[in-house]
2 protein chains.
Amino acid sequence: MGESGKLVLHLNHKAKSLNQFTGEYECRVDAKGRLRLPSALIRQIGGVNLNFTVNRGFEQHLIMYPKEVWERKTKEINQLNIYSQQHRQVIRYFYRGATEVQLDTADRVLIPKSLLEYAEISKEVMLFAYQDQIEIWSKERYKIMLEQEPEDFSSIADKVFGNNAADV
Amino acid sequence: MGESGKLVLHLNHKAKSLNQFTGEYECRVDAKGRLRLPSALIRQIGGVNLNFTVNRGFEQHLIMYPKEVWERKTKEINQLNIYSQQHRQVIRYFYRGATEVQLDTADRVLIPKSLLEYAEISKEVMLFAYQDQIEIWSKERYKIMLEQEPEDFSSIADKVFGNNAADV
DNA sequence: TAGATAGTGGGGGAAAGTGGGAAACTCGTC
DNA sequence: GACGAGTTTCCCACTTTCCCCCACTATCTA
């Protein structure tokens, strides 16, 4: 979809959650579609929180949110106007495929096949955790993603960091 | 060392921290991927601070920040709008594999394999500490980086210091 | 030369991660 | 309801990795 930045800017996008994940983890999905979370990540999550929502990300990867993060995000989305076609599109696009999952006794989640297919995940997976979410990428796609430098990185970096930081 | 072009890349007016590192250190990663920090550097760090965040730098090297320095840096990036494709790219480009590490009892950190690969580090490593960060280079790449400075340094310096010197 | 500090390397126990058998459950069909 | 195919999930066994600990070497200082 188009970015329609104006549309979504009403949303309170700023991440002010307690969850602040970090880390890049290499791991794998087994033949049954189970993904074990690295224990370093489990520790960050904090033990109490075993429920997650997985859905499609915007760039052919998956995103996993702790349940209460997901609930907060849906609240934001639900503020959009369902009677506007454009908004409906955004709403659907946001929800597309969201599935609740939970850790089994060996700290694994079962990822639905349709989602694995969408992200082209067969075995090797990279987890990329930042802010309040955990992105799930196939290893190949992750590599490709890293190699792409955003065209306007320096101009946005300018804005964020305030001066000519990324000029050279 | 000292006056490299790279130095200028990281100008960040907002970064005034207590941490102020200096130095160039030669050291090595052992067969298990552990990097021992030189004790001179440990002394600069100040003992209290055992947690770091490592991520990819922009020139095929790694950067290590004390945890709270990293957290300060992410604050600004986290203000971006995750629903904007452009901003998402920038956020990912900024985080690019950031992973928390900590010193073991022998003052070593275990660097994730994916990051070692990215920086082409096998054994010999150069640490380059300045401001509030520690750059980690493979010895070969560090040499190459140093060698290619002189040609364009003056023109870059012109650009950076010539008109925007006020900020610095 | 001895003693202290810095740096290197590896053994081994514990923890993390992997894989598969099989019981339990779901759902459609006869 | 009975049955079977497919899926989910618990459990256990096995492999791999991590990290504490100790021992050894190298370098520096008095």
Side-chain angles (χ1 to χ4, degrees), chain A residues 21-47 49-54 62 64 67 97-118 121-129 134 136-139, chain B residues 21-47 50-54 64 67 97 99-117 121-129 134 136-139:
Chain A
F21 301 133
T22 353
E24 180 188 73
Y25 306 94
E26 199 174 337
C27 58
R28 48 188 52 195
V29 170
D30 69 17
K32 295 179 182 179
R34 297 177 300 191
L35 171 68
R36 182 180 207 280
L37 300 188
S39 49
L41 203 48
I42 302 257
R43 255 176 263 128
Q44 291 182 41
I45 292 161
N49 212 329
L50 303 175
N51 289 294
F52 298 89
T53 301
V54 185
L62 307 177
M64 198 161 80
K67 197 181 171 191
T99 305
E100 236 181 80
V101 296
Q102 51 188 11
L103 294 183
D104 71 8
T105 49
D107 295 334
R108 293 178 287 202
V109 291
L110 184 68
I111 312 273
K113 274 186 190 140
S114 54
L115 294 184
L116 288 179
E117 274 168 29
Y118 168 78
I121 291 170
S122 54
K123 190 164 188 185
E124 306 235 277
V125 165
M126 295 298 293
L127 300 184
F128 182 19
I134 300 164
I136 306 173
W137 294 77
S138 86
K139 204 173 171 185
Chain B
F21 302 133
T22 343
E24 184 189 60
Y25 306 94
E26 197 174 337
C27 59
R28 51 187 51 196
V29 170
D30 70 17
K32 295 180 181 178
R34 297 178 298 191
L35 171 68
R36 182 179 206 280
L37 300 187
S39 47
L41 201 49
I42 299 267
R43 255 176 264 123
Q44 290 182 39
I45 291 162
L50 304 176
N51 288 294
F52 297 89
T53 301
V54 186
M64 196 161 82
K67 194 182 172 191
T99 301
E100 243 180 74
V101 296
Q102 51 189 12
L103 294 184
D104 72 7
T105 49
D107 296 334
R108 293 176 288 200
V109 291
L110 184 68
I111 312 275
K113 271 181 198 148
S114 52
L115 295 183
L116 288 179
E117 271 169 32
I121 291 170
S122 52
K123 190 164 188 185
E124 307 236 276
V125 165
M126 294 299 295
L127 299 185
F128 181 19
I134 301 164
I136 306 173
W137 294 77
S138 85
K139 203 173 173 186

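In this text the structure is predicted, and so the values were computed from the model without any measurement. Residue numbers begin at 1 in each chain, while the letters A, B, ... track the order of the sequences. Hydrogens, waters and symmetry mates play no part in the numbers below; they use all other heavy atoms, side chains included.
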Find the distance between CZ (A/R34) and CG (A/D107) and round it off to the nearest 0.5 Å.
-> 12.5 Å
B/T105 side chain near D/dC19 phosphate (N/O to OP1/OP2, under 4.0 Å) | no
Indicate, with a heavy-atom threshold strictly under 4.0 Å, whether B/R108 touches base, sugar-phosphate, or nothing.
-> base
To the nearest Å, give me how far apart CG (A/D30) and C1' (D/dT15) are.
-> 15 Å
Donor-acceptor pair, side chain of A/Q44 and main chain of A/T22, under 3.5 angstrom | yes
Integer-rounded Å distance: C/dA6 P and B/E26 CD | 18 Å
Output yes when at least one side-chain N/O atom of B/S39 is less than 4.0 Å from OP1 or OP2 of C/dT5, else no.
-> no
Rounded to the nearest angstrom, tell me the gap between atom CG in A/D107 and atom C1' in D/dT9.
-> 14 Å
Interatomic distance where OH belongs to A/Y25 and C1' belongs to D/dC18 [whole Å] | 14 Å
The residue among A/I121, A/I111, A/L110 that forms side chain to side chain contact (heavy atoms under 4.5 Å, CB included) with A/L35 is A/I111
Would you indicate what B/R28 reaches in the nucleic acid, counting non-hydrogen atoms under 4.0 angstrom: base, sugar-phosphate, or nothing?
-> sugar-phosphate
Quick note, B/P38 side chain, CB onward, closest among C/dG10, D/dC10, C/dG7 is C/dG7
Between the base of C/dG19 and the side chain of A/K123, is there a donor-acceptor distance below 3.5 Å?
-> no
Does a distance-only test, which skips hydrogens and angles, find a donor-acceptor pair under 3.5 Å between the side chain of A/K32 and the base of D/dT9?
-> yes
Heavy-atom pair with the smallest gap, counting every atom of B/Y25 and B/L41 | CE1-CD1, 3.7 Å
Mind calculating the distance between CD (A/Q102) and P (D/dT8) to the nearest angstrom?
-> 13 Å
When the nearest nucleotide of DNA chain D is assigned to A/A106 and to B/A106 on a heavy-atom basis, which residue is associated with the more 5' position?
-> A/A106
Using atom CG of A/L103 as one end and atom P of D/dC10 as the other, report the distance to the nearest whole Å.
-> 11 Å
Regarding the side chain of B/R43, the nearest nucleotide among D/dC19, C/dA6, D/dT9 is C/dA6
From the candidates C/dG7, C/dA6, D/dC10, the one with an atom nearest any side-chain atom of B/R36 is C/dG7
Hey, what do you get for CG (B/N51) to CD (B/Q102), rounding to the nearest 0.5 Å?
-> 5.0 Å
Reckon B/R34 has a side-chain N or O less than 4.0 Å from the OP1 or OP2 of D/dC20?
-> no
A/L37 has an atom CG; how far is it from atom C1' of C/dT18, in whole Å?
-> 14 Å
Starting at atom CG of A/D104, determine the distance to atom P of C/dG17, rounded to an integer number of angstrom.
-> 13 Å
